[in-house]
Amino acid sequence: MKRLLALVGVALLALVPWLPLGPARLYILHVLVLVLIWAFVGTAWALMGRFGLVSLGHGAFLGLGAYTTTLLWNFLGVSPWIGTPLAAGLAVLLALVLGYPCFRFRVVGHYFALVTLALGEVIRLLIIAERDWTGGSLGLTLKDAGAFNLAAIQFADKRIFYLVALAVWLVGLWVWWWVDRSMTRSALEAIGEDETAAASVGIPVTGFKLRITLLSAGLTAVGGVLYAQYVTYINPGTLAGIGVSLQIVFAVVLGGMYTLLGPTVGTALTIALAEYLRVAFGVRFLGMADTIYGLALVLIIIFLPAGLYGGLRELVLRRAAPPRAAT
Amino acid sequence: MDPLLVAEAAINGILLGGVLALLALGLNLIFGVVDIVWIAYVELVMLGMYAVYWLVTLWAWPVVLAGMAAVGLVAILGILVHLLIIAPILSSPPVNQLLATGGLLFFLQSFATFLWATDHRSLRLALPILEVGGMFLSFARLLAFAVSLLAMLGLYLFLTRTYIGTAIRAVSQDREAIALMGVDARKVYIVTSGVGGAMAGLAAALLIIQYSVHPYFGAAFGPLTFMIVVLGGLGNMFGAVVGSLLMSEVISVGGIITSTEMAYVVAFVLFIVAMFVRPEGILSRRE
Amino acid sequence: MLEVSSVTAGYGEFTALWDVNLVVNAGEAVAVVGPNGAGKTTLMRVISGLVRVRAGEVRLEGRSLGAEPAHGIVARGIAHVPEGRRIFPKLTVEENLKMGAFLPAARRRYAGTVARVYELFPVLAERRRQRAGTLSGGEQQMLAIGRALMSGPKLILLDEPSLGLAPVMVLRLFDLIRRVREEGYTILIVEQNVRQVLSLADRAYLLEVGRIRVEGRAADLADQDFVRQAYVGL
């Protein structure tokens, strides 16, 4: 029954581009593609986030993915079909180099967040520093390969990209579901809350965290590739560094990181809000849209933490909260 | 490479390190005492720089007076941030805490963009350049360094000689025991946030005489400041100073050998590696 | 001086104390004994405001402590020496004592009280510039007690002062607590070391699974067969 419902849902989603959407059809499709891409990235982030691995550096994997395929295509003419596995492989390698020592030496909590934040900045700065190749902070445009080029994964028709993004997003959900299934509930909670306890009941914490991190990094890189192929313009500001990394986390936390569709819902909400503000203010008041966006985020976090988390907040990573002064 | 240039960069590194140390000390205090990372801490510096800039250019205040006003203003801002944003989320999960202050970062950056656009604004003070043995040293930087040292001394005396200062150090060591001393932890948090804000305000006053300000000023120094704090070790004031000097040397000297970006890359990679080797900070003793 | 009446308290779902009644008169030393997990520490934490009462009331000199937060209860005259000492390890001995005298009234009397504490615990005077974390367990316990005295309390709560100390040190510590008593302080003490504490206290309560089982003069309690067998180990 549930399976049937899901199938119907997917079929309906696949039909969206052919619905009569009115004069704003292209714009709506565009926003939906963005939502799917970022929801995929958010789901990839949540793979780690739900185990208390709060990464503030997923921009690193995103940027690495996008720049790898774009540079390979622009300079060597290598198809993104080959570039994408390479990009994902590089991201996995990077995650391994960072993740293994992190988990081995128990870099957790705030420290893990800061280490990943540093990684995101390193990648962003490297992209800027290598400006001869990457165009520095001005960014890079994907070399045009015509209106429909399967080898280059470039399509002028937004409907095709919508279907591609939908498929990738579904793969992301499937991976999330698969990880969720392959762990017993108690093990999930044990690692999120107290890794010493988890280790003591025989859960190989380091190995598990590492696998999750590699998986998350690889998927995020694919998300970066997809974004680059779709938008055909990339720059270090939107695809690496703190800004984008924080926005991914925002969306996921907003929707809730402990449920399958949480990251997607959160992403849809944040993109809808950002787009609405952008349209409402246009270019008249530079910065006003982001001001309200930032304010809204702060207010949501302060006033709706339970609403966003629901009953699942107990699962959150804070291992045995340090005793606060009684007030 | 001209050794004189490297020496000049090394000296500039020390001078910048002084101002960075103010920021690292302020953030270290807040991080250590309130146990929350203020992602938006350096955005307060940006606001302080604007405060000095507008006081001087619009109302023709003397720079020194405007600087002092910025210290007070940002101290108040620090307290407001604590009361409005931090206090309600003290017992929230760390992700939420990071995000609330991260949201504040977006808010402050874009609000500054909205108010003052993205222009780079500079005071254009005609401060002299000193020539010492073929090296050129900016008077503004020397001044900033000297004031930083004085402020650090002041902070040290505050933390060691006063009751509330000692309580600030004690809170981070045992949050419950401090209440048993009759200390209201909430008040300690407020004082800490005010002092942290004042350090940011002073840093702002010292930075605006050297650099121009723009809404994204914090992006350059923000991540660096967190890393210095963690590198030096939480609650370790001396470590914060050492970390600041180390990082600013890497950036200053590295900057003229390669490029500014590469220098930052080296600094951040250094940070990551240090976290693996010494998670408690570079100056920590191994257990 | 202190009245705990019909107090029920606990953590979250868990109830640690059920309808507990206890009285400490001025100038008395009162002991609370009982097995691990009986709720002794919770009782202390309720009195010092670290744990809220769910039902019942705690009164000091006839006035309810009500919803007073922990830091306010110190100002009312109760000093709590918590289980595990809880000194500030990175502060010096003297700074720890200074924190004990944080309240304005105590600050004014600082010079006098610190001199008396150093007189009681000369070892603290010797190590006044040393980081508290470098002291031995016994010395840390002395510091914790001295720190509590710094606030000029009417009542001192001592929670397991002998925990983790070597036997010789335990004897010395109890001697010191006796001297603190002789200074005229009112003391409520929780201890595992039943024999020692009953010889020190005037009256005692036996707490088991969150309820007061027996109360009476300390000497009488020590003589009761089941107390001797269960807790004194004779």
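Residue numbers start from 1 in every chain, and the chains themselves are labelled A, B, ... in the order their sequence lines are given, proteins ahead of strands. Keep in mind that this is a model prediction, so the values were computed, not measured.
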_Using a 6.0 Å cut-off, check whether atom CZ of C:Arg172 has over 12 heavy atoms from anything other than its own residue._
no
*Mind checking the CZ-NE2 spacing from B:Arg186 to C:His71? Nearest 0.5 Å is all I need.*
5.0 Å
*Shortest non-hydrogen contact from C:Lys98 toward B:Thr162*: NZ-O, 3.9 Å
*Going from OG1 on B:Thr166 to CD on C:Glu94, what distance comes out if it is rounded to the nearest 0.5 angstrom?*
10.5 Å
_Over all atoms of both residues, closest heavy-atom pair of C:Ser48 and B:Leu180_ = OG-CD2, 3.9 Å
_With a 6.0 Å cut-off (strictly less than), is the heavy-atom count around OH of C:Tyr11, excluding the residue itself, greater than 12?_
yes
*Measure C:Arg147 against the heavy atoms of chain B and call it side chain, backbone, both or neither at under 4.5 Å.*
side chain
*Proximity breakdown for C:Arg45 and chain B, heavy-atom pairs closer than 4.5 Å*: side chain
*State, with a plain yes or no, whether a side-chain heavy atom of B:Asp184 is found less than 4.5 Å away from one of C:Pro69.*
no
*Which heavy atom of B:Ala170 sits nearest a heavy atom of C:Leu91, and at what distance?*
CB-CD1, 3.8 Å
_Shortest non-hydrogen separation from C:Phe102 to B:Gly182 and the atoms involved_ = CD2-O, 4.2 Å
*Look up atom CG in B:Leu159 and atom CD in C:Glu95, then write down how far apart they are to the nearest 0.5 Å.*
10.0 Å
_For a 4.5 angstrom cut-off between non-hydrogen side-chain atoms, does C:Ser151 reach B:Met181?_
no
